[in-house]
Amino acid sequence: AAIRQYATQGYDIVIAHGAQFQSVLQEVARDFPKTTFAYGTGFQTAPNIFAYDPQAQEGGYLLGILAANMSKSGVVGIVGPVESGDAIKFNSGFQQGVAAAKSSVKVRVAYTGSFNDIVGAGELAKVHMDAGADLLTGSSQQAVGAVRAVAGRAGKYWLSTDLDQSSIAPEAVLASQVYNWEKVVTKMIELRKQGTIGGQRLVLSFADGNLELKYNSKLADKVPKEAKDAVESTRQKIAGGSLKIEIPKK
């Protein structure tokens with residue numbers, strides 16, 4: 001209803017953030033052929049629909065390398081939302097990164113079954129830490145609950161994705177994969193001005209600068225130079241195209 005309302009009111013671009021809106025937009029977009037619609041994370045487009053698709057597995061891989069190099073317990077944890085979209089990409093990349101850096105490190109994975117179960121995410125984080133995990137990660141808005149749980153335990157750290165969450169827990173968030181959404185939105189605006197109102201899949205990756213890896217400057221002394229060097233050399237390979245992080249097919 002909200003999507004239709006925006007289109008009826010004459011907005012040029014209507015963004016429905018979430019893969020769950022894919023089928024809805026396919027239906028609504030036909031009724032407003034001059035309106036640009038967009039959604040993500042996804043890849044299916046239409047003449048007046050843009051799909052934006054973060055390659056979350058790339059940053060996940062880098063954070064996995066970081067976690068493996070820094071874990072003292074040999075156990076790290078993933079607090080997942082739902083097994084779909086970029087959560088699957090990120091989790092797979094993280095697991096691959098850990099395995100590539102140090103195969104002896106165990107990755108514990110658990111899902112809340114929701115994107116916004118803040119309490120559940122916090123509880124899963126505690127379960128992971130009770131089982132020995134000293135570095136944790138996870139995606140979606142519910143991650144706030146997990147971040148706070150990690151911040152409550154000394155010697156435990158969080159690796160974030162989507163955005164830099166260090167402001168939430170400056171003593172616990174070591175590093176973040178950051179999506180530069182503003183570049184994607186700007187690209188859609190520019191394309192529309194040029195007469196292209198949809199039909200393209202807009203990728204966010206390290207190669208195009210739409211993905212970044214940021215360290216928390218407050219915890220800079222906690223990250224060994226060897227770990228940073230391992231991450232940076234791999235980032236360059238991913239950005240340059242010599243290393244591609246694939247998502248295993250089920």
Side-chain angles (χ1 to χ4, degrees), residues 19 41 54-153 155-166 168-169 172-179 211 213-214 216 223 227 230-231 234 238 245-250:
T41 57
Q55 301 304 290
Q57 69 274 17
E58 294 185 356
Y61 192 88
L62 298 179
L63 292 176
I65 290 175
L66 182 61
N69 276 281
M70 290 193 61
S71 178
K72 296 179 180 178
S73 66
V75 181
V76 298
I78 296 175
V79 178
V82 176
E83 292 188 75
S84 65
D86 61 335
I88 286 293
K89 292 181 180 179
F90 176 76
N91 293 353
S92 175
F94 184 83
Q95 290 172 289
Q96 291 181 60
V98 170
K102 193 175 294 186
S103 60
S104 61
V105 175
K106 181 179 179 180
V107 182
R108 292 177 54 87
V109 185
Y111 292 87
T112 64
S114 169
F115 289 105
N116 51 20
D117 187 355
I118 294 175
V119 174
E123 291 304 312
L124 279 185
K126 292 175 184 177
V127 171
H128 281 327
M129 290 186 287
D130 288 344
D134 54 358
L135 283 101
L136 291 86
T137 192
S139 58
S140 84
Q141 53 268 46
Q142 72 171 13
V144 173
V147 173
R148 289 173 178 164
V150 172
R153 302 272 188 103
K156 309 291 186 180
Y157 296 101
W158 180 263
L159 304 170
S160 67
T161 186
D162 297 3
L163 73 163
D164 181 357
Q165 296 175 320
S166 60
I168 299 172
V173 178
L174 277 178
S176 307
Q177 170 176 229
V178 179
Y179 295 177
L211 293 182
L213 186 74
K214 293 185 177 180
N216 179 358
V223 184
V231 170
T234 306
I238 292 173
I245 313 304
E246 302 283 358
I247 305 301
K249 294 181 180 180
K250 292 185 177 181

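Bear in mind that the values here come from a model prediction, so they are computed numbers and not experimental data.
Between L174 and the options T137, L135, L63, a side-chain contact (heavy atoms from CB on, under 4.5 Å) holds for only L135. With L159 as the partner, the side-chain contact (heavy atoms from CB on, under 4.5 Å) test is satisfied by one option alone out of L66, V150, L136: L66.
The distance from the CG atom of D117 to the CD atom of Q141 is 11.0 Å, given to the nearest 0.5 Å. Rounded to the nearest 0.5 Å, atoms OG (S92) and OH (Y61) are 11.0 Å apart. A distance of 7.5 Å separates NZ in K102 from OG in S71, rounded to the nearest 0.5 Å. One finds the CD atom of Q177 at 11.0 Å from the CG atom of L163 (value rounded to the nearest 0.5 Å). Going from atom CE of M70 over to atom CD1 of I65 covers 14.0 Å, rounded to the nearest 0.5 Å. Within the model, atoms CE of M129 and CG of L124 stand 10.5 Å from one another, a figure rounded to the nearest 0.5 Å.
Residues V178 and K214 share a closest heavy-atom pair of CG2-CD, 3.9 Å. Pairing each heavy atom of A169 with each of V147, the nearest pair is CB-CG1, 3.6 Å. Annotation for A143 and G138: closest pair CB-O, 4.2 Å, computed over non-hydrogen atoms. Closest non-hydrogen pair, I245 versus G93, comes out as CG2-CA, 4.3 Å. Here the shortest heavy-atom pairing between N69 and A227 reads CB-CB, 3.9 Å.
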Worked check of side-chain hydrogen bond (donor to acceptor under 3.5 Å, both in side chains) between N216 and Y157: CA-CA 11 Å; N216 179 358; Y157 296 101; over 6 Å; no

Full working for side-chain contact (heavy atoms from CB on, under 4.5 Å) between R153 and K126: CA-CA 9 Å; R153 302 272 188 103; K126 292 175 184 177; 3.9 Å; yes

Test log, rule side-chain contact (heavy atoms from CB on, under 4.5 Å), inputs I168 and V173: CA-CA 8 Å; I168 299 172; V173 178; 5.8 Å; no

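The backbone N or O of Q57 lies less than 3.5 Å from no partner atom in the side chain of Q96, so there is not a single donor-acceptor pair. At distances below 3.5 Å, at least one donor-acceptor pair connects side-chain atoms of T112 with backbone N or O atoms of S114. At least one donor-acceptor pair under 3.5 Å links the side chain of K156 to the backbone N or O of A133. Side-chain atoms of D164 never come within 3.5 Å of backbone atoms of S176 as a donor-acceptor pair (strictly under, hydrogens ignored).
Using a 4.5 Å heavy-atom threshold, the side chains of Y111 and I78 count as separate. Counting heavy atoms from C-beta on, the side chains of R108 and V127 come closer than 4.5 Å. Side chains of P54 and K89 form no contact here, defined as non-hydrogen atoms less than 4.5 Å apart. Taking 4.5 Å as the limit, every side-chain heavy atom of S140 sits out of range of all side-chain heavy atoms of F90. Inter-residue side-chain proximity for Y179 and D86 is flagged as met; some heavy-atom pair is nearer than 4.5 Å. Counting heavy atoms from C-beta on, the side chains of L62 and I238 come closer than 4.5 Å.
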